[in-house]
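Reminder, nothing fancy here: chain letters follow the sequence lines and each chain counts from 1.
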Protein chains: 2
Amino acid sequence: MDDDAEHRLDRAFLALADPVRRGIIARLSRGPATVNELAEPTSITVQAVSRHIKVLEEAGLVSRTRDAQRRPVHLEPGRLEELTAWIDRFRLIHEQRYRNLDALLRAAPERTPETETGS
Amino acid sequence: MDDDAEHRLDRAFLALADPVRRGIIARLSRGPATVNELAEPTSITVQAVSRHIKVLEEAGLVSRTRDAQRRPVHLEPGRLEELTAWIDRFRLIHEQRYRNLDALLRAAPERTPETETGS
DNA sequence: CCCTTATTCAACTGATTTGTTGAATACGAA
DNA sequence: TTCGTATTCAACAAATCAGTTGAATAAGGG
């Protein structure tokens, strides 16, 4: 994995490490919304929400279009998919390792401490 | 989702937002390792790695056991699974929404601007 | 007990983050 | 143009983070 991909993961995971930004992602999964619409249900200012959106945008998790003076924000599901791919890769390696270990113990149990005490 | 669950997601996503910590997760997917083993291939001090492990532990992504004076670190796949569950939930809501929208456009295309210019 | 190894804690620094307020910019309506 | 709405930029303060070095703790081996 090159530095660019690493940096992209940095920004994407960091972007999700905030409840306000995860709330924005959750809202956008139901469809596009403007900055003001996203700020309305929260207790923070519109400016703060605008900066949260900037973080999400630089992480590649959302994009913005232009509609008169509004800038609707859209979810970009591709980046979310990259994150689950990263996580699942190592989750499955780990799972496979334990499956192999389990099979090994099952096939030749006579030398393992666990089976000695268990007999 | 309660505050505890939110805070847990905060810490877990933040823990993954660092290339050193992701490297540790990748290494641990192949099996447990000690702090020194984890620090050896990196260019940072053992103390810094120890603190990274603490972050991962507080995020619930790894756990530590005791083996004489060593403290082997183990991957905890359950928390990784929670993260993919969170991401996939909204990724699939979004995907479903676009499937529905697409079906709607296909069923009644006569009033939509796109199909008017497209004909 | 003394020595070595493994690990963690404490204090400090520089960089980054998150929120605020106030000012600036972009666009459309009247 | 003038006004109003939507959004962003700039500057600031408080908090957090990631690294360092140096000291402390824990556990075995001689």
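Distance CD (A:E58) to C1' (D:dT8): 13 Å, rounded to an integer number of Å. Rounded to an integer number of Å, the gap from CG of A:D10 to C1' of C:dT17 is 15 Å. Spacing between atom CD1 of A:I53 and atom C1' of D:dC9 amounts to 15 Å, rounded to whole angstrom units. Per the geometry, CD1 belonging to A:I24 stands 12 Å off P belonging to D:dT7, to the nearest Å. Note: NZ (A:K54) to C1' (C:dG19) measures 16 Å, nearest angstrom.
In summary, A:R11 and A:E58 do not engage in a salt bridge, as defined by a charged side-chain N under 4.0 Å from a carboxylate O.
A donor-acceptor pair is defined here as one N or O able to donate and one able to accept, closer than 3.5 Å; no such pair exists between the side chain of A:R106 and the backbone of A:L101. Here the side chain of A:E37 pairs a donor or acceptor atom with the backbone of A:T34 at under 3.5 angstrom.
Between B:P32 and B:V73, the closest side-chain pair of non-hydrogen atoms is not below 4.5 Å. Looking only at side-chain heavy atoms (C-beta outward), A:R71 and A:T65 stay at 4.5 Å or farther from each other. Looking at B:L16 and B:R21, their side chains never come closer than 4.5 Å, going by heavy atoms from C-beta outward. Between B:E81 and A:I87 there is no side-chain heavy-atom pair separated by less than 4.5 Å. A heavy-atom distance below 4.5 Å is found between the side chains of B:R91 and A:L80.
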Show your working on side-chain contact (heavy atoms from CB on, under 4.5 Å) between A:I25 and A:V62 and close with a plain yes or no.
CA-CA 8 Å; A:I25 294 289; A:V62 307; 4.2 Å; yes
Step-by-step ring pair (Phe, Tyr, Trp, His ring centres under 6.0 Å) determination, B:Y98 to B:H94
CA-CA 6 Å; B:Y98 274 80; B:H94 184 261; 4.8 Å; yes
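A:R70 has no side-chain polar atom (N or O) that falls below the 4.0 Å cut-off from OP1 or OP2 of D:dT8.
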Table of protein N/O atoms under 3.5 Å from nucleotides 15-18 of chain D N/O atoms:
residue, atom, partner, partner atom, Å
D:dA18, OP1, B:R21, NH1, 3.3
D:dA18, OP1, B:R21, NH2, 2.9

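Shown for residues 27-47 of chain A: residues whose heavy atoms fall under 4.0 angstrom of DNA chain C, namely A:I44, A:T45, A:Q47.
The terminal axes of the helix from C:dC1-D:dG30 to C:dA30-D:dT1, fitted over 5 pairs per end, subtend an angle of 10° to the nearest 10°.
When the nucleotides D:dA27, C:dC27, C:dA6 are ranked by their closest atom to the side chain of A:R66, C:dC27 comes out on top. When distances are taken from the side chain of A:S50 to each of C:dG19, D:dT8, D:dA27, the shortest belongs to D:dT8.
Under the side chain to side chain contact (heavy atoms under 4.5 Å, CB included) test applied with A:L92, the options A:R89, A:E95, A:Q96 reduce to a single match, A:E95.
Residue order along DNA chain C, read from the 5' end via each residue's closest nucleotide, puts A:A48 first among A:D67 and A:A48. When each of A:R71 and B:Q69 is assigned the nucleotide of DNA chain D with its nearest heavy atom, A:R71 is the one assigned upstream, toward the 5' end.
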